[in-house]
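In this text, all values refer to a predicted model and were calculated from it rather than measured experimentally. Excluded from the calculations below are hydrogen atoms, water molecules and symmetry mates; all remaining heavy atoms, backbone and side chain alike, are included.
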Amino acid sequence: MRVAWVLLWLVYPVMAAAAWQTVAPRSVSAAAAQPAAAAPHRLRIGLVLSGGGARGIAHVGVLKVLEKLRVPIDAIAGTSMGAVIGGLYASGLTPDQIERMLRSMNWQGAFSDRPPREDLTLRRKQEDENFLVKFPIGIKDGRPVLPKGLIQGQSLTEMLRRLTLPVARITNFDDLPTPFRAVATDLETGQEVVMGSGDLTSAMRASLSAPGVFAPVERGGRLLVDGGVSDNVPVDVARAMGVDVLIVVDVGFPLLPRSKLTSVTAISNQMLAILIHRKSAKELAQLGPHDILIRPDLGDTSSFDFGNVNRLLGAGEAAAWQMRSRLAALSVSPAQYAAYQARREALRRPPPRIDFVKVQTGPSVYSQPIEKLFKDMVGKRLNPDAIGRRITTLYGEGGLDTLDYRVVRQHHRYGLLVDARGESIGPNYMRFGLSLRDDFAGDSTYDAAARYVMSEITRSGGEWVTDGEIGQTSLLSTEVFLPLSQFSGWFVMPHTAVAARNLPFFIGQSERAQYRVHTFDYGLDAGKQFGNWGEIRVGVYREEGHSRLSIGDPSDPKLPFPPFQNFGSRTYFVRFSYDTLDDINFPHSGERAMLQWSAARNVVGGEPSYNQVTFDFLAAHTWRERDTLALSLSGGSTLNRATDLRMEFPLGGFLDLSGLKQYSLYGPHFGIGRLIFYRKVGRGGPGYFDVPIYLGMSLEAGNVWQNMSDAKLSRLHKDASVFLGLDTFLGPIYLGSGFDDRGDQAFYLFLGRTF
């Protein structure tokens, strides 16, 4: 029997080569049939990488073992995450390079529609401060429109584009360092789509587009989604590439036992898994005695568990080493493998010189700005960092689902083809905000807000924004943001608002009274934005209103002003804003600062004209990727004293002297410093499913003063807090307790912005 096996292994390569020359399919090019990497008289080896989301990271562990055993790969077919890992390897990246990419990647950022916050325009940053829900709803023909997927995949596409630039010239996947096929599914017909030519990045991205999570990819006139729906283990695709033996890595989900089928989600996932398993079983049944099946032990690891790179890589390596004896039979000599690696590397070239820029599809309003933005790149070698920054700058302005580019060749000239696709839910959309607070002492408040944005009302990117809010604060406001020209930074903004809010009056930590303050204002702002980091703004607005005592004794002599009072003023201001924070909820790096001077004139209500100066500063630094220290300073001063409570500065509440009740201190002058530490102790999945969990504490010192001469260190409140924080897509959630050095204590359950 052993003699027969030896004869078979000696004779099989010759027979297979002869048979391949006779029956090679016409659909496979000559480059695939006779790849440069294939040495004479050896078996041609195909690699099949299945889908499985984050479980597909195990594929890299298998590739590392194949490299250590000197097993050359002549063709790759992949689905979903298998298409991404396979495509990167086919582009010439080594397993170690792919591993470093996986370890260094910000998965939360990669599976997010938006650029990093520090790259957004200042206007989008300001919008995030009040409107927490990052899942907008579009409005078309008066009806709400939901996105085609929770994640558009802009960041992921840009990352794949950058990694594959060295082979951007290659449009036939048989000419890649390793011939490659990616499998997707036609969303319209349900048919399997095998991609072997065109743009490599869009092929990988289409194969990964899990329905409902990622938006579909339009490619070649088809709307494509995850290939796992139609062929999760593409054995037949790899076999058609003319290989003699297959190495199949299956990281698909095992079917759940009955004991775990206890919820609607579990049952729905099981139904999908059954459909995928049925097709996969047929594919795996085609494997012959010489093919090798590797199934890493991944248990019930989630498809979103991208943070567990070490365990997933280890599982892939362990499963491959278990097949070491069979894999070693396919190895080549060190000299042959070195030649194989050199041939792969030789096909990777520096990016070409760009001779032209063209804009494809998308709203015509973006064509001219895009051509202008990339015009100075013509005649120069493509710089991935520079083009990445410019893509991020334009995409950060909003209004686009995707903004992508690829290198194209026309008559021996290379150029950039920029694909700008307008928002499928836009150009008009809605965002929502929510704030809830409970101090566990009977004081609970809520605010719910909505914003309706009509974008692209001018060619320079104008917006008409209308806000509404109900709860402790009632608000209806509208503003028209009008850039004077595209990318100039100059703007004007008329605005008007009607609002009502509660104004508590405390004596000590006891609420003595509460006023309801109604205001109506209108004005005009003008200014200049500096890139995406700063803004100088001047403005004037007229405010009129009245206050009415809603809780308290009208005859109380300690009330700050009468039970009913009219007021009004005209206010001028100058404000400078600076913002490079990477996150508004739990910042890890960057700074934010604001300095404002304002002057109220023609004051009605018995108060004199006054001037105020206010400032805010916040800086954050993270080390070891989990521990963050934030420093915050705030202060303000009324230069010529006004005695009206409405014009004074409040303190008290979570991270504003945490041991005191919210807004229990008021004064014409204030100052506070905060030192906040938080450590990331857990997280969820990518994109909207990502819920980082933090444990934190703060040290705070501050007070309000009636006179600046009272501002002394000995008169500061010294407070501290401990908290548990969750950074959800609805906004940050805090559960905490605060302590004041004068014996007061407060507890908090808080949803909304804090610092």
Taking the basic N atoms (NZ, or NE/NH1/NH2) and the acidic carboxylate oxygens, is any pair closer than 4.0 Å for [X] and [Y]?
X: Glu463; Y: Arg124; value: yes
X: Lys528; Y: Glu535; value: no
X: Arg542; Y: Asp521; value: no
X: Arg512; Y: Asp556; value: yes
X: Arg674; Y: Asp656; value: yes

For [X], is the [atom1] atom crowded, meaning more than 12 foreign heavy atoms sit under 6.0 Å from it?
X: Ile507; atom1: CD1; result: yes
X: Tyr663; atom1: OH; result: no
X: Trp597; atom1: CH2; result: yes

Which pair of non-hydrogen atoms, one from [X] and one from [Y], has the smallest distance, and what is that distance?
X: Gln596; Y: Ser598; value: NE2-CB, 4.1 Å
X: Ala701; Y: Leu657; value: C-CD2, 4.3 Å
X: Ala497; Y: Ser477; value: CB-CB, 3.4 Å
X: Tyr666; Y: Pro504; value: CE1-O, 3.6 Å

Discussion item. Is the terminal nitrogen or CZ of Arg548 (NZ for Lys, CZ for Arg) located under 6.0 angstrom from the six-membered ring centre of Tyr515 and within 45° of that ring's axis?
Written reply: no

Side chains of [X] and [Y]: closer than 4.5 Å at any heavy-atom pair?
X: Met594; Y: Tyr578; value: no
X: Arg516; Y: Ser474; value: yes
X: Thr638; Y: Met647; value: no
X: Leu724; Y: Leu695; value: yes
X: Met697; Y: Arg679; value: no
X: Arg646; Y: Ser547; value: yes
X: Thr496; Y: Thr478; value: yes

Worksheet item: Quick check: does any side chain N or O of Ser737 sit under 3.5 Å from a backbone N or O of Ala746, one acting as donor and the other as acceptor?
Response: yes

Discussion item. Please check this pair: side chain of Asp582 against backbone of His588, looking for a donor-acceptor N/O pair closer than 3.5 Å.
Written reply: yes

Could you check, using the six-membered ring where one of them is a Trp, whether [X] and [Y] have ring centers closer than 6.0 angstrom?
X: Phe567; Y: Phe561; value: no
X: Phe670; Y: Trp705; value: no
X: Tyr541; Y: Tyr522; value: no

Worksheet item: Any idea how Phe723 and Tyr734 line up, ring-wise: parallel (<30°), tilted (30 to 60°), or perpendicular (>60°)?
Response: perpendicular

Discussion item. Check the orientation of Phe654 and Phe750. Use parallel for under 30°, tilted for 30 to 60°, and perpendicular for over 60°.
Written reply: tilted

Mind checking the [atom1]-[atom2] spacing from [X] to [Y]? Nearest 0.5 Å is all I need.
X: Gln126; Y: Ile584; atom1: CD; atom2: CD1; value: 10.0 Å
X: Phe617; Y: Leu595; atom1: CZ; atom2: CG; value: 13.0 Å
X: Tyr694; Y: Tyr678; atom1: OH; atom2: OH; value: 7.0 Å
X: Leu581; Y: Trp533; atom1: CG; atom2: CH2; value: 14.5 Å
X: Phe677; Y: Leu629; atom1: CZ; atom2: CG; value: 7.5 Å
X: Arg501; Y: Leu503; atom1: CZ; atom2: CG; value: 5.5 Å

Ignoring hydrogens and geometry beyond distance, is a side-chain donor-acceptor pair present between [X] and [Y] at under 3.5 Å?
X: Gln529; Y: Arg123; value: no
X: Asn566; Y: His546; value: no
X: Ser698; Y: Ser721; value: yes
X: Asn707; Y: Ser709; value: no

Worksheet item: Going through the distances and angles, do Phe739 and Asp719 end up as a side chain to side chain contact (heavy atoms under 4.5 Å, CB included)?
Response: CA-CA 5 Å; Phe739 311 88; Asp719 287 44; over 6 Å; no

Fill in: side chain to side chain contact (heavy atoms under 4.5 Å, CB included) evaluation trace for Asp447 with Ile470
CA-CA 6 Å; Asp447 286 288; Ile470 59 173; over 6 Å; no

Practice prompt. Verify side chain to side chain contact (heavy atoms under 4.5 Å, CB included) between Thr622 and Asp627, making sure each step is shown before the conclusion.
Written response: CA-CA 5 Å; Thr622 299; Asp627 300 314; 5.8 Å; no

Discussion item. Under the criterion salt bridge (Lys or Arg N to Asp or Glu O under 4.0 Å), I'd like the reasoning laid out for Glu700 against Lys718: C-alpha separation, chi angles, the key distance, then a yes or no.
Written reply: CA-CA 6 Å; Glu700 308 149 32; Lys718 301 176 181 65; over 6 Å; no

Worksheet entry | Worked verdict on Arg592 versus Asp616 for salt bridge (Lys or Arg N to Asp or Glu O under 4.0 Å) | CA-CA 8 Å; Arg592 184 177 63 176; Asp616 280 295; over 6 Å; no

Item to complete: Report the C-alpha separation of Phe649 and His669 in whole Å, then their side-chain angles, then the decisive distance to 0.1 Å, and conclude whether the ring pair (Phe, Tyr, Trp, His ring centres under 6.0 Å) test is met.
Response: CA-CA 7 Å; Phe649 302 106; His669 312 279; 7.9 Å; no

Item to complete: Dump the intermediate steps for side chain to side chain contact (heavy atoms under 4.5 Å, CB included) on Leu434 and Leu751, then the final yes or no.
Response: CA-CA 7 Å; Leu434 183 65; Leu751 167 62; 3.6 Å; yes

